[in-house]
Student: 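The structure's right below; bear with me while I get my questions together.
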Amino acid sequence: MSTEKEIKRVTTKTFQLLKKKGIKITALTAYDFITAKILDEAGIDLVLVGDSLGNVFQGNETTLPVTMDEMIYHTKAVTKGVNRAMVVVDMPFMSYQLSVDEGFRNAGRIMKETSAGGVKLEGGERIAETISKITEAGIPVMGHIGLTPQSIHQFGSYRERGRTKEEGSEILKDAKAVADAGAFSIVLEKIPAALAKEITESINIPTIGIGAGIYCDGQILVTPDMLGLNVDFHPRFVRLYANLADEITKAVKSYIEDIKAVRFPSNEESY
Ligand code: KIV
């Protein structure tokens, strides 16, 4: 049997197996039931309820305003659409920064109130204790290092991280701290491909890249970005797999024209 056929429900064990076998891991974000169902039925391994919903769903400039209640609301919708993929939920800004206990309590709340399979936290060494505490309670944790959008005001821009030798070694140290703390996987965002390769080869948990090159164990993109729905956002790491904004515009224009020309609804579409 192929590995694909063996997989019924993706779990942390699946991720370990995929890394061991050198099979790439696929991940995308979702914030609603319909999208999550489409991604899952298409065969994606991991659905992330990302706090990027603050940007692409709520229209905010940063992810900082997103709340725990909002993450839980979206996750409840997403998990209803997913049968196979692992669903991981971003812990929003200030839900784990205050203290280890606060982070632990909020991770537990996400797991109790949604059917998600794990949580994701941004940061390296400085949140390692929180990651340990959460994983010790049996909650799978995904790390996220490199460009961490919740720290945008500290970074000052969304430029790539890890270009200098010092920044590169900090990020490598962070990756090791997150892996040692018990995370099952780690997102590497916007760092040089060579650094992502070094990290991927130095730790025994899968790395999932976004703007981190080809050597990661898997890749993630923000779904509205790769489907061409987020028309004003074109970073070089996003490959456009569709142009849904154009498709939607065409469909809506046809709908408007049909109504104005009294062509919709037809007799067959009426009762
Ligand atoms: O919030 C998000 O969608 C993310 C991905 C970009 C990894 O963290």
Student: Using modelled atom types only, decide if a donor and an acceptor are shared between the side chain of Thr223 and the backbone of Thr29 within a distance under 3.5 Å.
Tutor: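 Present.
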Student: If you count every heavy atom of other residues, nucleotides or ligands that lies below 6.0 Å from Phe57 atom CZ, does the total exceed 12?
Tutor: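 Open.
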Student: Counting only heavy atoms not in Glu129 (residues, nucleotides, ligands), do more than 12 fall under 6.0 Å from its CD?
Tutor: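 It does not: Glu129 CD has 12 such atoms or fewer within range.
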Student: Any idea which heavy atoms bring Ala36 and Val82 closest together, and the distance?
Tutor: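 Reported closest heavy-atom pair: CB-CG2, 3.8 Å.
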Student: Could you work out, with side chain to side chain donor-acceptor pair (under 3.5 Å) as the rule, every residue matching Glu122, not counting sequence neighbours?
Tutor: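 Testing Glu122 for side chain to side chain donor-acceptor pair (under 3.5 Å), a comparison that skips the adjacent residues, returns none.
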Student: Within a 6.0 Å radius of atom NZ on Lys20, are there more than 12 heavy atoms belonging to other residues, nucleotides or ligands?
Tutor: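 Incorrect, the count does not exceed 12.
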Student: Is the ring centre of Phe15 less than 6.0 Å from the ring centre of Phe184?
Tutor: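 Yes, ring centres under 6.0 Å apart.
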Student: Would Lys250 and Glu247 count as a salt bridge (charged side-chain N to carboxylate O under 4.0 Å, His left out) here? Give the steps.
Tutor: CA-CA 5 Å; Lys250 262 192 264 163; Glu247 291 301 313; 3.3 Å; yes
Student: Side chains of Pro65 and Glu70, heavy atoms from C-beta outward: is any pair under 4.5 Å?
Tutor: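 The answer is no; the side chains never approach within 4.5 Å.
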Student: Could you tell me the separation between the CZ atom of Arg161 and the CD1 atom of Ile171, rounded to the nearest 0.5 Å?
Tutor: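 CD1 of Ile171 is found 6.5 Å from CZ of Arg161.
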Student: With heavy-atom distances below 4.5 Å as the criterion, would you say the side chains of Lys133 and Asp101 are in contact?
Tutor: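 Side-chain contact under 4.5 Å: yes.
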Student: Quick one: does Thr79's side chain have a donor or acceptor within less than 3.5 Å of a partner on Thr114's backbone?
Tutor: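 It does not hold such a pair.
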Student: Do you reckon Met226 sits in the same ILVMFWY cluster as Leu46, going by side-chain contacts under 4.5 Å, direct or chained?
Tutor: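 Cluster IDs for Met226 and Leu46 match.
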Student: Do the non-hydrogen side-chain atoms of Asp90 and Met71 ever get within less than 4.5 Å of each other?
Tutor: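 Asp90 reaches Met71 side chain to side chain.
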Student: Has the side chain of Asp45 got a donor or acceptor atom that lies under 3.5 Å from a matching backbone atom of Ala27?
Tutor: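 No: the side chain of Asp45 does not pair with the backbone of Ala27.
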Student: Tell me whether Arg84 contacts the main-chain N or O of Ile44 through its side chain, where contact means a donor paired with an acceptor under 3.5 Å.
Tutor: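 Flag set: sc Arg84 to bb Ile44 pair under 3.5 Å.
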Student: Just by distance, with hydrogens left out, do Ser266 and Glu269 show a side-chain donor and acceptor under 3.5 Å apart?
Tutor: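 Yes, because at least one side-chain N or O of Ser266 sits under 3.5 Å from a partner of the opposite role on Glu269.
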Student: Without swapping roles, check the side chain of Asp174 against the backbone of Glu125 for a donor-acceptor pair under 3.5 Å.
Tutor: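 Such a contact is found between Asp174 side chain and Glu125 backbone.
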Student: With a 4.5 Å limit on heavy-atom distance, are the side chains of Thr130 and Gln97 in contact?
Tutor: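 Not in contact.
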Student: Quick check: does any side chain N or O of Gln219 sit under 3.5 Å from a backbone N or O of Gly213, one acting as donor and the other as acceptor?
Tutor: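 At least one qualifying donor-acceptor pair exists.
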Student: Assess the side chains of Asp225 and Asn230: does a donor N or O sit below 3.5 Å from an acceptor N or O?
Tutor: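 Yes, side-chain donor-acceptor contact under 3.5 Å.
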Student: Check whether Thr207 reaches the backbone of Ile186 with its side chain - one donor and one acceptor, N or O, closer than 3.5 Å.
Tutor: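 Checking the backbone N and O of Ile186 against the side chain of Thr207, no donor-acceptor pair under 3.5 Å is found.
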Student: Ile259: which other cluster members, linking ILVMFWY side chains closer than 4.5 Å, directly or transitively?
Tutor: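 Besides Ile259, the hydrophobic cluster comprises Tyr255, Phe264, listed by chain and residue number.
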Student: Does one hydrophobic cluster hold both Phe104 and Met68, with members joined at side-chain heavy-atom distances below 4.5 Å?
Tutor: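 They do share one cluster, since a chain of ILVMFWY contacts under 4.5 Å joins Phe104 to Met68.
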Student: Hey, does the side chain of Arg163 reach the backbone of Pro192 with a donor-acceptor pair shorter than 3.5 angstrom?
Tutor: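 Pair absent, no side-chain N/O of Arg163 close to backbone of Pro192.
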Student: My understanding is that a hydrophobic cluster links ILVMFWY residues whose side chain heavy atoms are under 4.5 Å apart, including indirect links. Using that, what else belongs to the cluster containing Phe93?
Tutor: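 Phe93 clusters with Leu64, Met94, Leu98, Leu147, Ile152, Phe155, Tyr158.
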Student: I'd like to know if the side chain of Lys120 and the backbone of Val49 have a donor-acceptor N/O pair within less than 3.5 Å.
Tutor: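 Absent.
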Student: Counting N and O atoms only, with roles assigned by atom type, does the side chain of Asn55 sit under 3.5 Å from a partner on the main chain of Asn60, one being a donor and the other an acceptor?
Tutor: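 Here the side-chain-to-backbone pair exists.
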